[in-house]
Amino acid sequence: MAELTMIEAIRAALSHALETDPDVILFGEDIGIDGGVFRATDGLMQRFGSARVRDTPLSETVIAGMAVGAAAMGLRPVAEIQFSGFLYPALDQLVNHASRLRNRTRGRLTCPMVLRAPYGGGIRAPEHHSESPEAMLAHIPGLRVVIPGSPARAYGLLLAAIRDPDPVVFLEPKRIYRAVSEAVETDGAALPLDRAFLVAEGEDLTLVAWGAMLAVADEAVARLAEEGISAELIDLATIKPYDRVAVRASVAKTGRCVIVHEAALTTGFGAEIAADLAEHCLTHLIAPIRRVAGYDTVMPYLRLEAQYLPDTGRILRAAREVMEFT
Amino acid sequence: MAELTMIEAIRAALSHALETDPDVILFGEDIGIDGGVFRATDGLMQRFGSARVRDTPLSETVIAGMAVGAAAMGLRPVAEIQFSGFLYPALDQLVNHASRLRNRTRGRLTCPMVLRAPYGGGIRAPEHHSESPEAMLAHIPGLRVVIPGSPARAYGLLLAAIRDPDPVVFLEPKRIYRAVSEAVETDGAALPLDRAFLVAEGEDLTLVAWGAMLAVADEAVARLAEEGISAELIDLATIKPYDRVAVRASVAKTGRCVIVHEAALTTGFGAEIAADLAEHCLTHLIAPIRRVAGYDTVMPYLRLEAQYLPDTGRILRAAREVMEFT
Amino acid sequence: MSTRAASFRIDCSACLDATGKPIGKLPDFAEDANTLAALYGAMVRTRAFDAKAIALQRTGRLGTYGSSLGQEAIGVGVASAMRVEDVLLPSFREHGAQLWRGVTLEELFLYWGGDERGNDFAGPRRDFPVCIPVGTQFPHAAGVALAMVQRKESGVVVAMGGDGATSKGDFYEALNLVGAWDLPVVFVISNNQWAISVRRREQTGAQTLAQKAIAGGLPGAQVDGNDVIAVRAATERALAHARAGEGGSLIECLTYRLGDHTTADDASRYREDEEVSAHWKEEPLVRLRNLLVARHGWDKAKEEALLREVRAEVEAAADRYLAIEPAPRRAMFDHLHATLPPDLAALAEEAAGDG
Amino acid sequence: MSTRAASFRIDCSACLDATGKPIGKLPDFAEDANTLAALYGAMVRTRAFDAKAIALQRTGRLGTYGSSLGQEAIGVGVASAMRVEDVLLPSFREHGAQLWRGVTLEELFLYWGGDERGNDFAGPRRDFPVCIPVGTQFPHAAGVALAMVQRKESGVVVAMGGDGATSKGDFYEALNLVGAWDLPVVFVISNNQWAISVRRREQTGAQTLAQKAIAGGLPGAQVDGNDVIAVRAATERALAHARAGEGGSLIECLTYRLGDHTTADDASRYREDEEVSAHWKEEPLVRLRNLLVARHGWDKAKEEALLREVRAEVEAAADRYLAIEPAPRRAMFDHLHATLPPDLAALAEEAAGDG
Ligand SMILES: Cc1ncc(C[n+]2csc(CCOP(=O)(O)OP(=O)(O)O)c2C)c(N)n1
Ligand SMILES: Cc1ncc(C[n+]2csc(CCOP(=O)(O)OP(=O)(O)O)c2C)c(N)n1
Ligand SMILES: [Mg+2]
Ligand SMILES: [Mg+2]
């Protein structure tokens, strides 16, 4: 079993998909000879040829729309948007076509495409390069939104996304592309979509997070343990449709919930989780549900980005408040 | 005081703005000689000339981007997107520019633009014409999202939006464009943004709604009254930033909350309201917060649209469940 | 100092004049009476469908509908040049093309009646349904073509849109990609001079719409879009070009929208009756009928028989459509995903209870 | 039968050859030694800024940075043809244009250092800040021009982008609108042959990028983008055209990106050193210096004085930039809205507590 970083795991998954399914094709800006600006596709064009790993013109609308067309014909396009900040011109195709082609043709034409995009902050990138748009995407019926939280989950979930018969947006937390390595079984086994992963078991408090916030939350779990607080940490992994059952069960057990995300607070995906709990777990709640999120501001330029991103301190303060609530 | 429908009130507000502020210009598809497909601008081109009320080519991206450019120069563009389903190509400009021009230039360039779009279902329109995208827009820091609930509020809020020094998306619930008339003082007085309106006072239960759902919720209020249940009805009006204080105060009083919106459930704007209450009003809640929303499906074609849209029956069932909860 | 870097030319082709008199030699297919009669019959059928659809809408039995009155030669001419295995991506006004390709009248009524099942047509299974968000079909066309190339199919993709659609970024991005990758896509622009109330010359400063192809490095040409023979011939050339691996191209079909934009529109608000009347003189059916009469013994009896047959067919299809019950609420969930995630399954059950 | 509907031609202009020898008669401004020295000085200053920015980035004191090495003639040539009251909308690689227009070195360092205050430049207050989402500046340009027309100003708007930007829908939609409304916008395309790792000829099948103007009905022209005299002359023509009310146009400036795409890029992954070396022979500074030497008595002393002066200026600006403290967390809320809504005011206070 190889020790892989997340970016390597993603590359391994793409490589496996290209090897095993002739219908898989990759396209996007700079994914060919350059191997992608983060090297997710490094070497793949050289290995599989430029017909299957293809550089596109600088046109996000046509990247998304072409994926819809190719998927409708039965290919399995895996398209890359270079940064999630440039995904908006693709949104029309996601909302008005990808997510509803199956529905509006009653299953005659389908859309087994994957749109990959690095997202989130923490790497001192220029403006428009660090935002987290998952909540907008999660509001599109018919679309899946998946965010891997570790190298192994990136490998298994990306394969699952590619094999899924419906469209998936796969957001990659670029801040942890290279942060850690872990042992990844690159045997082509997919992980289940629509399921949360339990990262740490606990009794007093449920933390829900995804993407790069998992590491921050994980540190909070350790720190809380030192204070004698036992926190459970859930990696949502599939944001839409998410594993409501797992989150509800955890909160039913702990009675307390803190949700962590980088995206702006208002209508961030944390809102959906909190709302679901306020409907289905109210009687179990012994403290207010807290959301530790990006402020409701524009993501600042790099000099202030560390001040914007939720950190362990903010999670700890929220967790303590929730624990002290009476 | 004239009896006006909502579409007439909108036209009156546009007309007043054009009369009183030479910087106001209108552009969009078919808003000139045709007066807009819903007649919001009927007669305005004829009255104010085609330099101030101007038909654009069929290009939503440039409509939005041009509004940004013109607003940055100090004009007050009021641009129309013909249906909210065609707003997605404008989203990149809203997220990456309109909402952050002031912020990224530290106030040097600003963006006092309004983007108007009819939205929502209920008029048996073709596919892609009936969706409700307010939650996506509400997730954009720096952007205001306003939805009028009555002719008088349409008049006052649209004037406020036009006069606001920052960008506003003004979503018009087309189903009630002509549903009712009411007396509207067309004296150019604006209504406050960022404030909710109390439509009905009550003690037992808080209903929160906006747009075309207000009428449906209003009927529910009447029916609940017959059953001896006193429901308070709040028109959110400004969705982002919304009047958290008013909603919290009402729920603190009633202890129960049902939120109604047409948009799909998951990450709809109801999620934000429920999440806020689950954090700030938990101790007041005596029943789960219910969201009566569009199902998490693609808005169906017209033959099924009435089955998709929340109706009084669904609100009543939710309200009764909440009342009966123990 | 200045040197020439590139030069371009846009031509316009036609086969018949407005009265149906051939201008020069006709293409071979147009010498065959059966072929011409089939083209004529298809245009008449399209017009009959349009008339019935409007009637149904006026009586509340169909949704908002956009007729193709006066533009029948484009859909029919284009589709008749295509092979079955080619793929069509129509805008909302190309009923003639869909009908020629085998979508049934009943299916079209069902779609325009507001029922998704109308898109599940038995006919050309890979053809796309009508595209409502203007211009968004062009990127799809690139993807369909890519799939064909990838699979070494010899099919060609035909994407159709209006003059208004040529202002959309989607259109240009697709043109550019098709040019860059030499994909087998034919862009057909039905220039009916209006995009709802916006005139062609307010839509763009370009002298022709065909020249927009130049931006993507593709050949572009104009054709008389009321001349079904010319449309078919131009499409055949473009398809052959693409099938030979020489890449995509664009055809601008010059026509005129004789009716309202849709049943929700009132064109008298923004254009003069005289303009419309003048264009009636150039409409496509009469001129082909004149040719049939002049060269192929078409007569009143044949004409009446055709009309009777077509109307009966349309009425029967409308009756079948009207007999179809709306789907149950549950149908909203049926094709949202291949299999409904547990999350949504719970909601679907709740929804059934809302009934 | 086929008739010609339209024809077009794209020309390419140049004033100097790669060695700085005039090709034909030079424009009047290029006979003036002071003017030429100013242009040369501005290019040298831009190059010095680039070098310092890269050095700062390499030592962690600046964010990701894209240099304009080899493309200095475009920014300087274009900006030198503009009036103060004209408005510039630059891409992220037109430092030369911003500097000529009066944005200070310190402000540019601050922006690229990751501080919004760098966009609040004292200089041309209506100029837009650098545009990162490729192509999105072109629609803004249309709006700026609309405002100018509306207010009867005589200004012209110049929007600059790269070869990659010409593939974006935004670019085409703006071109088309500017053509339809005859707005005073000059589109300047810095065709440096690469969009990160994608070659110009993979970006589009169009023979020239200038011909993309034809899609919008605008005139388009190529110019040698390493020839500052030619760039300025072409821009002057385009600006005069627009100022005379004759509408917008497009200039494609042919150049070459001598450096990496940005400091985050490693161009050796996708292009050969030989290609880059070959292009060094055509870079813009040497050829103008050669002209200055040949015709206007430029010499080693003048050159060294210039370099000393420019480097000192750049170092001083960098020092001032480095002394600027980051803004406090609270700054995130300061310019989100004109006045912070109560909702956000509460959050801002909470945030302060997070400190
Ligand atoms: C992206 C988008 N914007 C606006 C509309 C509303 N709309 C429907 S048809 C139409 C005009 C289309 O004109 P054209 O492309 O010339 O086609 P025609 O209707 O003339 O066939 C408009 C504006 C739409 N459907 N999609
Ligand atoms: C819409 C968008 N997509 C992708 C990117 C990432 N990106 C930044 S620069 C660039 C290439 C730009 O090429 P070109 O327009 O030729 O300008 P150049 O960098 O050569 O000056 C890309 C793909 C972006 N900034 N915006
Ligand atoms: Mg048209
Ligand atoms: Mg370039």
Side-chain angles (χ1 to χ4, degrees), chain A residues 28-39 42 45 50 54-63 65 82-83 85-89 92 123-130 264-266 292-311 313-315 317-318, chain D residues 60 63-66 92 110-119 129-136 162-170 195-199 202-204 261-262 264-267 269-271 324 326-333 335-336 343-344 347-348 350-351 353-355:
Chain A
E29 296 157 14
D30 305 293
I31 71 157
I33 186 166
D34 195 32
V37 296
F38 288 102
R39 310 288 174 252
D42 195 16
M45 185 273 270
S50 57
R54 196 152 187 185
D55 280 332
T56 62
L58 210 169
S59 317
E60 283 80 9
T61 301
V62 91
I63 289 174
Q82 200 162 77
F83 287 89
F86 312 129
L87 186 146
Y88 302 102
D92 188 28
I123 64 159
R124 291 171 55 86
E127 54 173 337
H128 309 283
H129 283 70
S130 302
L265 181 81
T266 296
V292 177
Y295 305 117
D296 257 2
T297 65
V298 174
M299 176 91 193
Y301 289 9
L302 69 89
R303 274 184 142 196
L304 281 186
E305 88 174 310
Q307 308 255 356
Y308 170 89
L309 293 170
D311 57 18
R314 286 179 63 198
I315 299 176
R317 273 192 298 283
Chain D
T64 304
Y65 177 76
F92 41 81
L110 195 58
Y111 172 78
W112 289 103
D115 192 319
E116 288 83 351
R117 290 172 293 182
N119 286 331
V130 155
C131 187
I132 298 286
V134 169
T136 54
D163 42 309
T166 67
S167 295
K168 288 286 296 178
D170 307 57
I196 309 188
S197 69
V198 178
R199 284 179 192 277
E202 298 172 71
Q203 193 65 241
T204 180
H261 169 68
T262 63
D265 177 53
D266 171 8
R269 291 176 62 88
Y270 51 78
R271 67 179 187 187
I324 297 171
R329 175 183 266 133
R330 160 80 215 188
M332 288 181 220
F333 294 88
H335 293 283
L336 199 57
D343 199 16
L344 283 158
L347 197 70
E350 222 184 287
D354 286 335

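Naming: A, B, ... by sequence-line order, numbering from 1 per chain.
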Looking at A:L304 and D:A331, what are the two nearest heavy atoms and their distance?
CD1-CB, 4.2 Å

Looking at A:D296, A:T266, A:T297, which one forms a side-chain contact (heavy atoms from CB on, under 4.5 Å) with D:L347?
A:D296

Are D:I132 and A:H129 packed together at the side-chain level, in the sense that at least one heavy-atom pair is separated by less than 4.5 angstrom?
yes

Under a 3.5 Å cutoff, is there a donor and acceptor pairing between the side chains of A:Y308 and D:R329?
no

Once you round to the nearest 0.5 Å, how far does OH of D:Y111 lie from CD of A:E127?
3.5 Å

Is D:L110 in contact with chain A via its backbone, its side chain, both, or neither, using a 4.5 Å heavy-atom distance?
side chain

Checking D:Y270 against A:D55: is there a side-chain donor and acceptor pair closer than 3.5 Å?
no

Just give me the residue among A:R39, A:E29, A:M299 that pairs up with chain D most often, heavy atom to heavy atom, under 4.5 Å.
A:R39

Just how far is it from atom CD1 of A:I33 to atom OG of D:S197, taken to the nearest 0.5 Å?
7.5 Å

Part of D:I196 lying under 4.5 Å from any heavy atom of chain A
both

Should D:R269 and A:D42 count as an ion pair when the cut-off is N to O under 4.0 Å?
yes

Proximal component of A:V37, with respect to chain D [non-hydrogen, under 4.5 Å]:
side chain

Write down the atom of D:A165, the atom of A:L58, and the distance for their closest heavy-atom approach.
N-CD1, 4.4 Å

Which atoms of D:R271 come close to chain A, meaning under 4.5 Å heavy atom to heavy atom: side chain ones, backbone ones, both, or neither?
neither

Taking D:K168 first and then A:E60, would you say they form a salt bridge - that is, a charged N and a carboxylate O separated by under 4.0 Å?
yes

How close do A:L302 and D:G63 get, counting heavy atoms only, and between which atoms?
CD2-CA, 3.7 Å

Decide side chain to side chain contact (heavy atoms under 4.5 Å, CB included) for A:Q82 and D:V134; before the verdict, give the C-alpha distance in whole Å, the side-chain angles of both, and the deciding distance to 0.1 Å.
CA-CA 12 Å; A:Q82 200 162 77; D:V134 169; over 6 Å; no

Quick one: of A:T61, A:D34, A:V298, who has the most non-hydrogen atom pairs under 4.5 Å with chain D?
A:D34

Which heavy atom of D:D354 sits nearest to which heavy atom of A:R314, and what is that distance?
OD2-NE, 3.1 Å

D:E116 versus A:P300: any side-chain heavy-atom pair under 4.5 Å?
yes

Aromatic ring pairing A:Y295/D:F333, orientation class (parallel under 30°, perpendicular over 60°, tilted between)
tilted

So, the part of A:S59 with a heavy atom under 4.5 Å from chain D: the answer is both

Does the side chain of A:T56 come within less than 4.5 Å of D:V198's, by heavy atoms?
no

For A:R54, which residues count as a salt bridge (Lys or Arg N to Asp or Glu O under 4.0 Å) partner, sequence neighbours excluded?
none

Measuring heavy-atom distances to chain A, does D:D343 have an atom under 4.5 Å in its side chain, in its backbone, in both, or in neither?
neither

Determine, stepwise, if the pair D:R117 / A:Y301 fulfils side chain to side chain contact (heavy atoms under 4.5 Å, CB included).
CA-CA 10 Å; D:R117 290 172 293 182; A:Y301 289 9; over 6 Å; no

A:H128 versus D:T136: any side-chain heavy-atom pair under 4.5 Å?
no

